[in-house]
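Counting starts at 1 for both ligands and their atoms, following the listed order. All figures in this text were calculated on a predicted structure; none of them were measured in a lab. These values consider heavy atoms only, across backbone and side chains, with no hydrogens, waters or symmetry-generated copies.
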Amino acid sequence: MLDNRKVVFSGVQPSGNLTIGNYLGAIKNFTAFPEEMLRFYCVVDLHAITVRQVPAELRRRTYETLALYIACGLDPEKNCLFVQSQVSGHAELGWILDCYTMFGELSRMTQFKDKSQKHADNINAGLFTYPSLMAADILLYQTDIVPVGIDQKQHLELARNIAERFNGVYGDTFVVPEPYIPETGMKIASLQDPAAKMSKSDPNENAVVRILDDPDTILRKFKRAVTDSGSEVRYDPTEKPGVSNLMTIYSCFTGKTFEEIEREFDGRGYGDFKTAVGEACADALRPVQDEFKRLTADKAYLEEVMKNGAAAATHYARKTLSKVRRKIGFVN
Ligand code: TYM
């Protein structure tokens with residue numbers, strides 16, 4: 001424990017324009033934790049460079065991701081918002097944990113397999129050891145709870161295994177973290193291929209709705225969304241994966257249950273339904289977008305937030321690192 005508070009940690013990569021998958025699966029839930037908890041939300045730029053980035057874009061997206069955190073309701077006075085590369089403890093603990101992570105474990109990570117297929121010309125060592133850096137992010141703050149989408153579950157399990165292995169060798173050092181995966185919204189699918197997850201790097205722009213898309217674009221993308229045979233709005237992920245994905249999105253934005261949605265669109269067909277989903281999404285995102293615009297116009301403020309966040313994070317990171325160094329046998 002860092003102090004007597006429970007700790008929440010999560011991160012988002014500044015590797016593309018964020019989607020409603022990132023929003024509904026993760027960021028929206030970041031605001032759900034009570035003020036009594038110590039809450040860290042990180043822009044994980046070290047992770048982003050496992051895939052080649054254009055430097056100016058990476059920098060811009062780092063500011064933008066931080067601005068989106070705030071625009072989505074995370075008050076920097078009450079949450080520690082920071083940029084990963086500005087707290088050197090992540091890289092330091094990352095290296096240490098590499099030495100307690102097995103080649104076989106990393107080889108089994110499905111994201112590594114997917115990404116190495118997608119980036120066959122750049123299967124670098126960082127892409128491979130990414131999960132141990134992610135474990136370092138989490139364990140550095142003695143995290144109890146990690147809110148993420150379902151695609152991060154395997155990485156979280158590895159982080160738990162690494163923590164337990166380290167604790168087994170050196171005695172209690174790390175808190176073993178628990179994932180917090182929302183029941184509805186944990187996997188928002190692509191609008192063009194309901195079997196695939198909605199991904200910020202999807203080259204097909206119609207497949208993804210971005211948090212910053214304007215209302216017309218949002219409506220257009222939902223109208224073009226792939227649906228299933230038949231015309232009935234019914235939740236059935238196996239038979240009707242497209243419609244069920246849209247129902248999930250609608251449910252997340254409106255708070256309505258699947259039964260309520262089925263009743264609302266009984267006998268009305270897909271066209272009406274898709275328009276309603278688009279409108280609910282655009283309405284819910286409008287205040288976030290307005291706030292985002294205001295924030296990104298004030299770079300000095302964002303830099304101040306980064307600076308304070310990095311200082312606070314460093315303070316806590318040092319506590320864990322000095323314990324780890326002592327246990328391993330490094331000279332302080
Ligand atoms: P990233 O940047 O890919 O995604 C950020 C968060 O959004 C969630 N997410 C989704 N949820 C539902 N449906 C989707 N289609 C969808 N797409 C993305 C992700 O699950 C994630 O919660 N490795 C992480 C970043 C990270 C991290 C950490 C997270 C680095 N260190 C420590 C938690 C704790 C990643 O690449 O997320």
N/O of Gly149 under 3.5 Å from N/O of ligand 1, yes or no? yes
Logged contact type for Gln13 with ligand 1, heavy-atom cut-off 4.0 Å, is both
### Message
Taking distance alone, with N or O pairs closer than 3.5 Å, would you say Ser10 contacts ligand 1?
### Response
no
Honestly, for Thr19 the part within reach of ligand 1 (heavy atoms, under 4.0 Å) is neither
message = I want to know whether Phe40 and Tyr141 have ring centres closer than 6.0 Å.
response = yes
Using a distance-only test with no angle check, is there a side-chain donor-acceptor pair under 3.5 angstrom linking Asn17 and Arg210? no
Exercise for the section: Determine, using heavy atoms of Ser15 and all atoms of ligand 1, whether some pair is separated by less than 4.0 Å. Expected result: no
**Study point:** Aromatic ring proximity Tyr41/Phe9, centre distance under 6.0 Å
**Key:** no
With heavy atoms and a 4.0 Å threshold, my read on which part of Asn22 contacts ligand 1 is both
Under 4.0 Å between heavy atoms, the region of Val44 that gets near ligand 1 turns out to be side chain
Identify whether NZ of Lys or CZ of Arg in Lys299 sits under 6.0 Å from the centre of the six-membered ring of Tyr63 and within 45° of that ring's axis.
yes
The answer for which part of Lys200 has a heavy atom under 4.0 Å from ligand 1 is side chain
message = Could you check whether Tyr180 and Phe33 have their ring centres less than 6.0 Å apart?
response = yes
At under 4.0 Å between heavy atoms, what of Val148 touches ligand 1? The answer is both
- Message: What I'd like to find out is whether the side chain of Glu205 reaches to under 4.5 Å of the side chain of Lys221, using heavy atoms alone.
- Response: yes
Compute the ring centroids of Phe258 and Tyr250, then answer whether they are less than 6.0 Å apart.
no
